[in-house]
Colleague: 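Below is the structure I would like to discuss, written out as structure tokens.
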Amino acid sequence: MMNTSAESFQNTEAEAAEQINETDDRVMHRAAKRLADHYDGIFSQDLVERYVFESYMTLHRNARVKSAVAGLAGNFAESRLRALAYSTGKLERSKPQVLFVCTENAGRSQLAAQTLLELAGDEVEVRSAGSRPRDDLYPEVVKFLAERGVDVSTLYTKPLTDDVVRGADYVVSMSSMQDLPPFPGQSFYEWDMQVPQDVTRANVERVFHDIGMRVEGLWEVIRQKWAQEQHPISDPT
């Protein structure tokens, strides 16, 4: 199930007061100040701060390394705020917004997101999320992506939130997601992918190859549709 902003914000401040240590509190206030300045005139300072602290609490619940959560919370909040700005018309979409969703956000959706970024570069904005996110990416997935030159220090598992779903032009479900209906004007794809029981190097490579072919086809569709809607995309090559 998706975490809706209204539901998750209700107890954020109370939880934060009880659980956030002094160091994390300072880190997040700095992140909130930076984001409030960035979104000045778009979102109120109060909303931005609530997004940062709510993002922290959401990530903290499942994180394996708790000490890293404060730094990630600002990144997660920024991604969610951008998606919210797009979905509410406060920012104009200058490029396609693509969301990959799987169960754990620890393998398939992360591989798909990185594949599309490699293929399309700055011509697309990509997010990934999980309906029941794992505490971290699978080690073999991290190792595989690192060998491809991906900065794996920026990768972390994220829960599926309403704002991120609403902000996407294209949503790709990599598993059965009956609670993820498309919103008006949104293109929805469900990929029937087999999930190996063991996350070995060989299985990661097989899944990556399958995803690569699917992503190439998806990007071609996106390029054509975006151009037809009079949103020109330059050739990244």
Colleague: I want to check a possible cation-pi pair here: R80 against F76, using under 6.0 Å from ring centre and within 45° of the ring axis as the test.
Modeller: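 Flagged: R80 positioned over aromatic ring of F76.
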
Colleague: Would you name the heavy atoms of S109 and A129 that are closest together and state the gap between them?
Modeller: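 Closest approach of S109 to A129: OG-O, 3.8 Å.
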
Colleague: Out of the candidates L119, V98, I222, only one should pair with V124 under the side-chain contact (heavy atoms from CB on, under 4.5 Å) rule; please name it.
Modeller: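 When L119, V98, I222 are each tested with V124, the side-chain contact (heavy atoms from CB on, under 4.5 Å) holds only for V98.
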
Colleague: Minimum heavy-atom separation for V52 and A32, please, with both atom names.
Modeller: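 Answer, listing the atom of V52 first, then A32: CG2-CA, 4.0 Å.
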
Colleague: Hey, can you tell me if F100 and W191 have their rings parallel, tilted or perpendicular (30° and 60° cut-offs)?
Modeller: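 Because their plane-to-plane angle lies in the 30° to 60° range, the rings of F100 and W191 count as tilted.
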
Colleague: Using a cut-off of 6.0 Å, state whether more than 12 heavy atoms not belonging to K143 lie near its atom NZ.
Modeller: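 No - once you tally the heavy atoms of other residues, nucleotides and ligands closer than 6.0 Å, there are 12 at most.
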
Colleague: Between side-chain atoms of residues 38-45 and protein atoms elsewhere (two or more places apart, or another chain), which donor-acceptor pairs fall under 3.5 Å?
Modeller:
from : atom 1 : to  : atom 2 : distance (Å)
S44  : OG     : L47 : N      : 3.1

Colleague: Would you check, one step at a time, whether the test side-chain contact (heavy atoms from CB on, under 4.5 Å) holds for V204 with Y138?
Modeller: CA-CA 10 Å; V204 169; Y138 287 105; over 6 Å; no

Colleague: Indicate yes or no: at least one non-hydrogen side-chain atom of L59 is less than 4.5 angstrom from one of P159.
Modeller: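 Yes; the side chains approach each other to less than 4.5 Å.
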
Colleague: To the nearest 0.5 Å, tell me how far D25 CG sits from F53 CZ.
Modeller: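 Here the interatomic distance stands at 4.5 Å.
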
Colleague: Less than 4.5 Å apart, side chain to side chain, heavy atoms only: is that true for P133 and K158?
Modeller: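 With C-beta onward as the side chain, the pair stays apart.
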
Colleague: I'd like to know if the side chain of Q97 reaches the main chain of K95, judged simply by a donor and an acceptor atom lying under 3.5 Å from each other, with no hydrogens or angles considered.
Modeller: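 Yes: the side chain of Q97 pairs with the backbone of K95.
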
Colleague: Check step by step if side-chain contact (heavy atoms from CB on, under 4.5 Å) holds for M57 and I20.
Modeller: CA-CA 9 Å; M57 298 307 301; I20 299 175; 4.2 Å; yes

Colleague: Would you check if the side chain of Q186 reaches a backbone N or O of A168 as a donor-acceptor pair within less than 3.5 Å?
Modeller: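 The answer is yes, because a donor-acceptor pair under 3.5 Å joins these two groups.
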
Colleague: What I want to find out is whether E229 reaches K225 closely enough, with some N-O distance under 4.0 Å, to be called a salt bridge.
Modeller: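 The answer is no: the pair does not qualify as a salt bridge.
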
Colleague: Please determine if R201 and E205 form a salt bridge, counting it only when a charged side-chain N lies under 4.0 Å from a carboxylate O.
Modeller: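 Looking at E205 together with R201, the answer is yes, because their closest N to O distance falls below 4.0 Å.
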
Colleague: Looking at side-chain heavy atoms only, is the closest gap between N203 and Q197 below 4.5 Å?
Modeller: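 A side-chain contact under 4.5 Å is absent here.
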
Colleague: Give a yes or no answer on whether the side chain of E118 reaches the backbone of V150 with a donor-acceptor pair at less than 3.5 Å.
Modeller: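 No.
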
Colleague: Can you give me the closest heavy-atom contact between A83 and V164, atom names plus distance?
Modeller: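 Closest heavy-atom pair between A83 and V164: CB-CA, 3.8 Å.
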
Colleague: Has E147 got more than 12 heavy atoms of other residues, nucleotides or ligands less than 6.0 Å from its CD?
Modeller: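 Yes, the 6.0 Å shell around CD holds more than 12 heavy atoms from other groups.
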
Colleague: Donor-acceptor pair, Y170 side chain versus L218 backbone, under 3.5 Å?
Modeller: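 No.
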
Colleague: Would you say N21's side chain and T23's backbone share a donor-acceptor pair under 3.5 angstrom?
Modeller: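 Yes, the answer is positive, given that a donor and an acceptor are paired below the 3.5 Å cut-off.
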
Colleague: Hey, what do you get for CZ (R148) to CZ (F208), rounding to the nearest 0.5 Å?
Modeller: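 R148 atom CZ to F208 atom CZ measures 3.5 Å (nearest 0.5 Å).
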
Colleague: Say you draw a straight line from NZ of K90 to CG of L84; how long is it, rounded to the nearest 0.5 Å?
Modeller: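 Going from NZ on K90 over to CG on L84, the span is 8.0 Å.
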
Colleague: Where do R127 and E125 come nearest, in terms of heavy atoms and distance?
Modeller: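 Between these two residues, the closest heavy atoms are NH2-OE2, 2.9 Å.
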
Colleague: More than 12 non-hydrogen atoms from neighbouring residues, nucleotides or ligands closer than 6.0 Å to CG on D37, yes or no?
Modeller: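 Yes, because the 6.0 Å sphere around CG of D37 holds more than 12 heavy atoms from other groups.
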
Colleague: Quick one: CG on L116 to CH2 on W219, what's the gap to the nearest 0.5 Å?
Modeller: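 L116 atom CG to W219 atom CH2 measures 6.5 Å (nearest 0.5 Å).
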
Colleague: In Å and rounded to the nearest 0.5 Å, what is the CZ to NZ distance from R64 to K66?
Modeller: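 Separation between the atoms: 11.0 Å.
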
Colleague: Indicate, with yes or no, if L155 and M174 share a hydrophobic cluster defined by side-chain heavy-atom contacts under 4.5 Å among Ile, Leu, Val, Met, Phe, Trp and Tyr.
Modeller: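 Yes, it is one cluster - the side chains of M174 and L155 are joined through contacts under 4.5 Å.
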
Colleague: State the NE2-OG1 distance between H60 and T58, to the nearest 0.5 angstrom.
Modeller: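 Answer for the NE2-OG1 pair, H60 versus T58, is 11.5 Å.
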
Colleague: For a 4.5 angstrom cut-off between non-hydrogen side-chain atoms, does V165 reach L160?
Modeller: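 V165 vs L160: side chains touch.
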
Colleague: Evaluate side-chain contact (heavy atoms from CB on, under 4.5 Å) for R214 paired with M193, printing each intermediate quantity in order.
Modeller: CA-CA 10 Å; R214 295 172 187 264; M193 296 191 64; 3.9 Å; yes

Colleague: Would you check if there is a donor-acceptor pair between the side chains of D163 and T161 at a distance under 3.5 Å?
Modeller: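 On atom types as modelled, these side chains qualify, holding a pair under 3.5 Å.
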
Colleague: Restricting to non-hydrogen atoms, name the atom on R93 and the atom on G167 that form the minimum distance, rounded to 0.1 Å.
Modeller: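 So the two residues come closest at NH1-O, 2.9 Å.
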
Colleague: So E49 and M28, do their side chains get closer than 4.5 Å, heavy atoms only?
Modeller: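 Answer no - side chains too far apart.
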
Colleague: Please test V69 against D24 for side-chain contact (heavy atoms from CB on, under 4.5 Å), starting from the C-alpha separation and ending with a verdict.
Modeller: CA-CA 8 Å; V69 174; D24 285 359; 5.6 Å; no

Colleague: Answer whether the closest heavy-atom distance between the side chains of L111 and V207 falls below 4.5 Å.
Modeller: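 The answer is yes, as the side chains (C-beta and beyond) meet within the 4.5 Å cut-off.
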
Colleague: Answer yes when R223 and E123 have at least one side-chain N-carboxylate O distance shorter than 4.0 Å, and no when they do not.
Modeller: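 Salt bridge absent between R223 and E123.
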
Colleague: Among N75, N105, D136, which residue meets the side-chain hydrogen bond (donor to acceptor under 3.5 Å, both in side chains) test with Y156?
Modeller: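 Of the listed options, the one satisfying the test is N75.
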
Colleague: Between the main-chain N or O of R134 and the side-chain N or O of T157, is there a donor-acceptor pair closer than 3.5 Å?
Modeller: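 Indeed, once roles are kept as given, a pair shorter than 3.5 Å links the two residues.
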
Colleague: What closest approach, in Å, do A77 and L35 show between heavy atoms, and which atom pair accounts for it?
Modeller: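 The answer is CB-CD1, 4.2 Å.
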
Colleague: For E220, give me all partners under salt bridge (charged side-chain N to carboxylate O under 4.0 Å, His left out), at least two apart in sequence or on another chain.
Modeller: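 Per chain and number, E220 pairs via salt bridge (charged side-chain N to carboxylate O under 4.0 Å, His left out) with no residue.
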
Colleague: Does anything in residues 104-114 form a salt bridge (charged side-chain N to carboxylate O under 4.0 Å, His left out)? List the pairs, not counting sequence neighbours.
Modeller: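 Qualifying pairs: none.
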
